[in-house]
Amino acid sequence: FNNKKSSGGSSKKKDEDNNSYEKVRLEEHQVRKMMDAADEKIEAVLICLYFGGMRSFELLNATHSWFDFTKEEKIKVRIPAEYAKGKRGNRDSESLLIKKEFQEELQNFILKVHGCEEKDYKEFLKENKDSKYLFNFKKETEKNFKDLVTERWRLWEELRYVANEKTSLDKEYAENLSSHDFRGSHIQRVYDTIKDLKKTASVARHGSSETTEKYYLQEDEEEKLD
């Protein structure tokens, strides 16, 4: 893990995604190690958060109808406007992409949530009209503000458990993990790959490149000078 302290809290106006906890940056091999140790639910969570850059609010409200597996190269996830938080005042839907290699894992998880493990996914889509929430971390949840606060905390606990107990990763960092660290790590990974701030902000679904740079990217001093 790589970690850094979050920026100071002197400004009252903070980005909607910025938090005061210590940020943890994860490498892909570390996330895959967690996936190997996790159950199907947390494995799907890790795919959505780390490989898709999904926000916890989006994850907790996700249904199977958001996932489009028909594309040849990527899985497309369409986030309805009411859950799209990336651009303030924007009432359009947003979308993100996930590696095609995770199609089987995500489809099997969706089938299990709906009790349709024995069905082919295309058959399931034809017959199923129910849009159950895929990720519940509270038995009785209405997905209101109070429920989502509880669910997000329980989500964090499960991620920390897998990181700490199942993979023997550094305890100090494992205990600081939050769901948002996986999204932040996804954004950092994108930037490290393409070295293009504007495109990275677009992938992150930020309304401003400044948000991406200020709150998500760790650059060395030489990069900052450039």
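Start at 1 with the first residue, then count along the sequence.
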Asks: In Å and rounded to the nearest 0.5 Å, what is the CG to CG distance from Leu155 to Leu60?
Replies: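 Result: 6.0 Å between the selected atoms.
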Asks: Considering residues at least two apart in sequence or located in another chain, which fulfil the ring pair (Phe, Tyr, Trp, His ring centres under 6.0 Å) criterion with Phe135?
Replies: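 Phe135 satisfies ring pair (Phe, Tyr, Trp, His ring centres under 6.0 Å) with Phe109 only.
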Asks: Can a salt bridge be assigned to the pair Glu58 and Arg205 using a cut-off of 4.0 Å between side-chain N and carboxylate O?
Replies: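 Salt bridge flag = yes for Arg205 with Glu58.
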Asks: Can you list the residues that meet the ring pair (Phe, Tyr, Trp, His ring centres under 6.0 Å) rule with Phe137, with sequence neighbours excluded?
Replies: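 Applying ring pair (Phe, Tyr, Trp, His ring centres under 6.0 Å) to Phe137 gives none.
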Asks: How long is the span from the CG atom in Asp181 to the OG atom in Ser178, to the nearest 0.5 Å?
Replies: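 Going from the CG atom of Asp181 to the OG atom of Ser178 covers 3.5 Å.
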Asks: Which residues end up grouped with Tyr133 if you chain together Ile, Leu, Val, Met, Phe, Trp and Tyr wherever their side-chain heavy atoms are less than 4.5 Å apart?
Replies: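 Grouped by the 4.5 Å side-chain rule, Tyr133 forms a cluster of one, so the answer is none.
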Asks: With sequence neighbours excluded, what pairs up with Thr141 under the side-chain contact (heavy atoms from CB on, under 4.5 Å) test?
Replies: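 For Thr141, the residues satisfying side-chain contact (heavy atoms from CB on, under 4.5 Å) (neighbours in sequence not counted) are Asn136, Lys138, Lys143, Asp147, Glu151.
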Asks: Using the six-membered ring wherever Trp is involved, compare the ring planes of His114 and His64 and label them parallel, tilted or perpendicular (cut-offs 30° and 60°).
Replies: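 The arrangement is perpendicular - the two ring planes meet at more than 60°.
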Asks: Return the NZ to OG1 distance between Lys199 and Thr193, rounded to the nearest 0.5 Å.
Replies: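 Taking NZ in Lys199 and OG1 in Thr193, the distance rounds to 12.5 Å.
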Asks: Hydrophobic clusters join Ile, Leu, Val, Met, Phe, Trp and Tyr when side-chain heavy atoms are under 4.5 Å apart, directly or via other members; which others share one with Val203?
Replies: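 Members alongside Val203: Val190, Ile194.
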Asks: With sequence neighbours left out, write down each residue that passes side-chain contact (heavy atoms from CB on, under 4.5 Å) with Glu117, or none if nothing qualifies.
Replies: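 Only Lys112 meet the side-chain contact (heavy atoms from CB on, under 4.5 Å) criterion with Glu117.
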Asks: Passes side-chain hydrogen bond (donor to acceptor under 3.5 Å, both in side chains), Gln103 versus Lys100? Steps please.
Replies: CA-CA 6 Å; Gln103 176 167 318; Lys100 194 71 172 179; 2.7 Å; yes
Asks: Describe, in one word, how the ring planes of Phe102 and Phe51 are oriented to each other, choosing from parallel (under 30°), tilted (30 to 60°) and perpendicular (over 60°).
Replies: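 Rings of Phe102 and Phe51: tilted, as their planes differ by 30° to 60°.
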